[in-house]
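See below for the structure under consideration.
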Amino acid sequence: MDDLRELLHRVADVTADYRAGLAERPVSPSADGDSLAASFGGPLPPGPTPASEVVEELVAAADPGLLASAGPRFFGFVVGGALPAATAADQLATGWDAVAFNAVTSPAAVAAEGAAGQWAKQLLGVPGTASVGFVTGAQAANTVGLASARHHVLGEAGWDVERRGLVGAPPVRVVAGEERHATVDRSLRLLGLGSDAIEGVRAGPNGAIDLQDLERVLGDGPAGPLIVCLQSGNVNTGACDDLRTACDLAHSHGGWAHVDGAFGLWAAASPKYRHLVDGVELADSWGCDAHKWLNVPYDSAFAMCSRPTVHVAAMSYTASYLVGSGVVPIGGDFTAESSRRARGLAVWAAVKELGASGIAELVDRCCLLARRFADALAHAGFEVANDVVLNQVLVGFGDDARTDAVVEAVQCDGTCWMGGTTWRGRRFMRISVSNYSTTEQDVDRSVRAIVRLAGAL
Ligand SMILES: *Cc1c(COP(=O)(O)O)cnc(C)c1O
């Protein structure tokens with residue numbers, strides 16, 4: 001026992017030192033893949049190694065290969081950091097090794113998910129009667145939401161897809177914006193609907209769904225089972241679909257409206273940005289990440305459904321030995337996973353740590369800092385390609401090759417980290433401000449680095 005105590009103290013120190021060092025550590029890893037593979041590699045250990053040695057070896061091997069994505073000057077993808085209480089709660093979840101399958105395997109985890117799920121719905125503007133599954137990410141949330149959609153729209157056509165599968169089923173129309181996230185396509189593949197089923201809808205100037213084109217596409221196709229995939233937070237531009245109008249259109253054609261709100265749905269938590277997701281409550285299912293903008297450690301997201309019975313019918317299973325399941329649906333009845341870590345604990349802790357006002361401030365601050373990036377880089381003479389409505393900024397540095405060169409130079413430099421993207425056929429630097437610890441100074445320091453590196457090319 002004492003060994004474990006010492007080990008956990010040691011790991012707490014390593015973690016805290018790492019976090020404290022994030023503000024100054026180069027954001028890019030110092031080691032390349034080959035040297036990391038060599039550090040981790042070697043023959044299969046023929047026998048035991050003391051745990052303390054294992055941990056020291058692990059820290060030494062991993063540290064040079066860490067991308068400082070938890071830090072304040074990481075602006076790649078849409079990656080949040082990890083709030084202190086949420087980080088600690090996640091370590092407790094691991095320490096307790098609780099299985100969040102149901103109320104028998106972990107009453108505490110189920111209660112935490114219940115409370116955190118209620119809070120999440122309030123923050124995100126989702127009806128309080130909706131069901132919530134705690135899944136690994138928005139990919140999983142989209143899969144669960146679209147599985148619920150598939151169940152419901154085929155059920156209305158007299159087809160029980162859970163029992164009969166898709167062979168011989170009535171065709172399902174899937175209508176989705178052409179700037180949807182690629183995970184929607186993968187979810188549709190996994191659900192047997194296939195990416196060819198997607199009827200694309202044009203995007204408006206900033207990447208939100210074009211409502212007139214949505215109306216046209218919906219009107220052009222046959223009546224019957226219909227799923228409409230909407231988006232809050234275009235992964236390039238941050239643009240949010242007009243959910244009120246789009247959900248109404250979907251419903252007037254008898255369709256199910258699913259919202260991929262991986263990061264953008266958090267706009268609902270801020271009185272200043274809530275208008276971007278106006279009508280969110282009208283949708284039938286929602287996916288939203290906790291590990292992005294809520295700054296919960298990986299991996300953590302919500303799959304929410306307006307009809308809990310549909311959600312459960314699409315996802316749950318039971319077995320003779322599963323004491324505690326099958327009466328009141330909980331935990332694993334809302335997810336594609338069976339045994340799960342108690343990831344709801346960290347969500348509970350994050351919401352408790354910030355509270356509603358702190359989460360609103362987090363959203364507002366990130367959006368303001370994104371604006372600050374856009375203004376400063378435009379002022380320096382570079383092209384800001386999107387309308388910065390949320391926390392995403394697209395910057396062009398001339399032609400594609402030059403933009404890619406700037407992105408690469410920034411990543412090598414290590415002051416900050418931004419990714420590249422292709423939007424509407426052109427290459428851009430993509431900046432996402434999603435970390436709770438990012439300050440104005442971090443943005444200004446990053447801008448100085450970008451300007452310096454772009455100027456030197
Ligand atoms: C990040 C993202 C996803 C995928 O989320 P994961 O958490 O990586 O599974 C889906 N949709 C959008 C809009 C995203 O930004």
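One-based numbering, in listed order, for ligands and for the atoms of each. Being a predicted model, the structure only gives us computed values, none of them experimental.
Counting only heavy atoms of the protein, atom 13 (C) of ligand 1 lies nearest to D260 OD2, 3.5 Å. In this structure, the protein non-hydrogen atom closest to atom 6 (P) of ligand 1 is A138 N, 3.4 Å.
When non-hydrogen atoms are compared, ligand 1 lies under 4.0 Å from neither the backbone nor the side chain of F77.
Less than 4.0 angstrom separates some heavy atom of D289 from each of these atoms of ligand 1: 5 (O), 6 (P), 7 (O). The atoms of ligand 1 that sit less than 4.0 Å from any heavy atom of A262 are 2 (C), 3 (C), 10 (C), 11 (N), 12 (C), 13 (C), 14 (C), 15 (O). Atoms of ligand 1 found under 4.0 Å from any heavy atom of G137 (numbered from 1 in listed order, with element): 7 (O), 9 (O). Close approach of ligand 1 to V235 (heavy-atom distance below 4.0 Å) involves ligand atoms 15 (O). Remark: ligand 1 atoms within the under-4.0 Å shell around heavy atoms of F263 are 15 (O). Every atom of ligand 1 with a heavy atom of G233 under 4.0 Å away is listed here by number and element: 13 (C).
When all heavy atoms of Q392 and V235 are compared, the closest pair comes out as NE2-O, 3.1 Å.
The presence of a protein heavy atom under 4.0 Å from atom 9 (O) of ligand 1 is confirmed.
For D248 and T245, the side-chain atoms include no donor-acceptor pair closer than 3.5 Å.
Ion pairing between R424 and E179 holds under the 4.0 Å rule for side-chain N and carboxylate O. For the pair R341 and D97, the salt-bridge criterion is not met [side-chain N within less than 4.0 Å of a carboxylate O].
Around CD of Q212, the count of heavy atoms belonging to other residues, nucleotides or ligands within 6.0 Å does not exceed 12.
Residues F134 and F334 place their aromatic rings such that the two centres sit no closer than 6.0 Å. If you look at Y436 and W293, their ring centroids are not closer than 6.0 Å.
Taking the six-membered ring where tryptophan is involved, the planes of F373 and F75 are perpendicular, since the angle between them exceeds 60° and thus also 30°.
In this structure, A301 does not count as a contact residue of ligand 1, since none of its heavy atoms falls inside 4.0 Å of the ligand.
Residue H291 holds the heavy atom nearest to atom 7 (O) of ligand 1 of all those in H291, Q139, Q392, K292.
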